[in-house]
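Contents: one structure, followed by commentary.
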There are 2 protein chains.
Amino acid sequence: MSLRIAALGLLAKQPGSGYDLLKLFEKSLANVWPATQSQLYGELNKLAESGLIEVSAVGPRGRKEYRITDTGREELQRWVLHPEDDPPQRSSALLRVFLLGEVPPQQARRHMIALAEHSDAEVERLQALNDSLDWDDDASSFFARAALEYGLRVNAMQADWARWVIAELDRRRPAESSGSDMPELAREKT
Amino acid sequence: MSLRIAALGLLAKQPGSGYDLLKLFEKSLANVWPATQSQLYGELNKLAESGLIEVSAVGPRGRKEYRITDTGREELQRWVLHPEDDPPQRSSALLRVFLLGEVPPQQARRHMIALAEHSDAEVERLQALNDSLDWDDDASSFFARAALEYGLRVNAMQADWARWVIAELDRRRPAESSGSDMPELAREKT
DNA sequence: GTCGTCATGTAAGATGTTACATGATTTA
DNA sequence: TAAATCATGTAACATCTTACATGACGAC
């Protein structure tokens, strides 16, 4: 259901072809709702069939430019304001942690360190992305920026949390660190 | 792929039937990896076919008790330690925020308030859950507790973030937003 | 003996992924 | 004219949801 909406949402900002949207998915929506080429073209046809979008122009190479319809805009608003019928959230990262008791403690610990470092890297990546984009002053840009801020905060939190888990782990079995792997856990995020 | 692993992980802790696992999914895994009855029974058969689990006993009513095999344990550990081949994350909540520029500002603001309140409620729910459970001292319980802590932190962060967004929103268009929560339909289309 | 729980399954359809296929137009 | 890019599509397969179907056992 949501890819449908993501496409509709991009077309709400401006008309474009499947190919155009694909670029937007890679560029601006990659971190929020990744989509593949196959799926996108399929959805666009379905959206057109349901009358939520329409072909506004045909160009070279069979290019079909789509534009959102009034019905489409209504549907978009309806969806955005109704979070209650979202599908349940799944997190494989969390599942992994949940199952970490099934692997040897040393490896579990190492996994948490890797997780913390990965989150640090994500924070940096998003920070760079944030700095590189020059935001317009409209509502659309504001909320895109807000979504990015969310990403920054999630990852910062994740890094903190991972380090908290490691600290708890060490508190419970302090002796067992057999010399070989003792990468220091120096920083509790600034 | 991950439901497969979730089931395998539960069987790693103790043997059980599909019906048993279903209960565990509802009780302990609901917030991490929800699953339906249909899917679970199907997965168990597939897991057995691949030799990752085996039927350890047959009881009344055709009850099949499954047990993890050595191969299964290996596969579980392999998966847990390899986050790199996870499917990409999608968040409909984030998509919603991303598209919030497409709805009237008043409603967008109200949506963010609802989001903040929802996160507050989640924090309370998880806190209660956390208090109600008496944790064992083994590794498994430790990591289940860590996963719950993650949930607490995500929701706390989400509430903070939502309120930050609202504050930014108000900073940018200070006149329109304060005070009454009345719908103001007359003004929407200006 | 019937009611609730235990227990497993099938079928249809939406959603998503990977890989393959095809051809037009621009640009170097 | 060769290569890159533009542009759309199909097929096969895995995953997940909803709904339907069936029957055995235990308690009362």
Side-chain angles (χ1 to χ4, degrees), chain A residues 1-8 10-11 15-27 29-30 32-50 52-53 55-66 75 79 84-92 95, chain B residues 1-8 10-11 15-27 29-30 32-50 52-66 79 84-92 95:
Chain A
M1 182 92 282
S2 300
L3 171 64
R4 190 189 176 77
I5 297 293
L8 196 55
L10 289 180
L11 288 178
S17 68
Y19 195 86
D20 291 339
L21 289 197
L22 205 55
K23 296 297 174 59
L24 286 174
F25 266 92
E26 278 160 21
K27 208 186 73 180
L29 225 46
V32 172
W33 202 276
T36 58
Q37 178 261 11
S38 273
Q39 211 191 342
L40 183 53
Y41 280 111
E43 271 312 321
L44 285 172
N45 283 324
K46 281 186 216 156
L47 277 165
E49 269 172 48
S50 346
L52 304 187
I53 62 176
V55 176
S56 56
V58 177
R61 284 170 283 216
R63 178 180 203 268
K64 286 185 282 187
E65 190 175 77
Y66 292 102
E75 169 62 10
W79 186 88
E84 59 272 9
D85 39 55
D86 271 6
Q89 268 292 112
R90 292 179 168 86
S91 163
S92 40
L95 178 58
Chain B
M1 182 92 286
S2 299
L3 170 65
R4 189 189 177 77
I5 297 294
L8 195 56
L10 290 180
L11 288 176
S17 67
Y19 195 85
D20 292 340
L21 289 197
L22 206 54
K23 295 297 174 59
L24 285 175
F25 266 94
E26 278 160 20
K27 208 187 72 182
L29 225 47
V32 173
W33 202 276
T36 59
Q37 178 261 12
S38 273
Q39 211 192 341
L40 184 53
Y41 281 111
E43 268 316 317
L44 285 172
N45 283 325
K46 280 186 216 158
L47 277 165
E49 270 172 46
S50 349
L52 303 187
I53 63 177
E54 63 194 4
V55 176
S56 56
V58 176
R61 284 170 282 215
R63 178 181 204 269
K64 286 183 283 185
E65 189 175 76
Y66 291 103
W79 186 87
E84 58 273 8
D85 39 56
D86 271 8
Q89 268 292 111
R90 293 181 167 83
S91 162
S92 39
L95 177 57

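Just so we're clear, the structure is a prediction, and the values are computed from it rather than from any experiment. Only this structure's heavy atoms are used, side chains among them; waters, hydrogens and symmetry mates stay out. Residue numbers start from 1 in every chain, and the chains themselves are labelled A, B, ... in the order their sequence lines are given, proteins ahead of strands.
The interatomic distance linking Lys46(A) (NZ) with dT10(D) (C1') rounds to 13 Å, in whole Å. Between Asp85(A) atom CG and dA14(C) atom P the separation is 17 Å, expressed in whole Å. With rounding to whole Å, Leu44(B) atom CG is found 17 Å from dC6(C) atom P. A straight line from CD of Gln37(A) to P of dT17(C) spans 12 Å, rounded to a whole angstrom. Taking atom CZ of Arg61(A) as the reference point, atom C1' of dC6(D) lies 4 Å away to the nearest angstrom. Lys64(A) places its NZ atom 15 Å from the C1' atom of dC6(D), with the value rounded to the nearest Å. In this entry the distance linking CD of Glu26(B) with P of dA7(C) reads 14 Å, nearest Å. Here dG9(C) presents its P atom at 11 Å from CD of Glu49(B), a figure rounded to the nearest Å.
Residues Lys23(A) and Asp20(A) form no side-chain contact, since every pair of their non-hydrogen atoms from C-beta on lies 4.5 Å or further apart. The shortest side-chain heavy-atom distance between Trp79(B) and Ser92(A) falls under the 4.5 Å cut-off. Annotation: side chain of Arg63(B) is not in contact with side chain of Val58(B) (no heavy-atom distance under 4.5 Å).
Of the candidate nucleotides dT10(D), dT17(D), dT8(D), dT8(D) has the atom lying nearest to any side-chain atom of Ser17(A). Here the side chain of Tyr19(A) is nearest to one of dT5(D), dT8(C), dT15(C), namely dT5(D). With distances taken from any side-chain atom of Ser38(B) to the nucleotides dG9(C), dG9(D), dA7(D), the minimum falls on dG9(C). Here the side chain of Thr36(A) is nearest to one of dC25(D), dT17(C), dG9(C), namely dT17(C). For Glu43(B), counting side-chain heavy atoms from C-beta on, the closest listed nucleotide (dT15(D), dG9(C), dG9(D)) is dT15(D). Comparing dG16(C), dG9(D), dC25(D) by their nearest atom to the side chain of Trp33(A) picks out dG16(C).
Backbone-only engagement by Lys23(B) is indicated by non-hydrogen atom pairs under 4.0 Å involving sugar-phosphate atoms exclusively. Among the protein residues, Ser2(A) comes within range of no part of the nucleic acid, since none of its heavy atoms lies under 4.0 Å from any strand. Among the protein residues, Leu22(B) comes within range of no part of the nucleic acid, since none of its heavy atoms lies under 4.0 Å from any strand.
With rounding to the nearest 0.5 Å, the separation of CG in Leu11(B) from CD in Glu65(B) is 9.0 Å.
Put simply, Gln39(B) has a side-chain N or O that comes within less than 4.0 Å of OP1 or OP2 on dT17(D).
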**OP:** Show your reasoning for whether side chain to side chain donor-acceptor pair (under 3.5 Å) applies to Ser17(A) and Arg61(A).
**Re:** CA-CA 12 Å; Ser17(A) 68; Arg61(A) 284 170 283 216; over 6 Å; no
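Both Asp20(B) and Pro34(A) sit near DNA chain C, but only Asp20(B) has its closest nucleotide nearer the 5' end. Along DNA chain C, the nucleotide closest to Tyr41(B) and the one closest to Arg90(B) are compared, and the more 5′ of them pairs with Tyr41(B).
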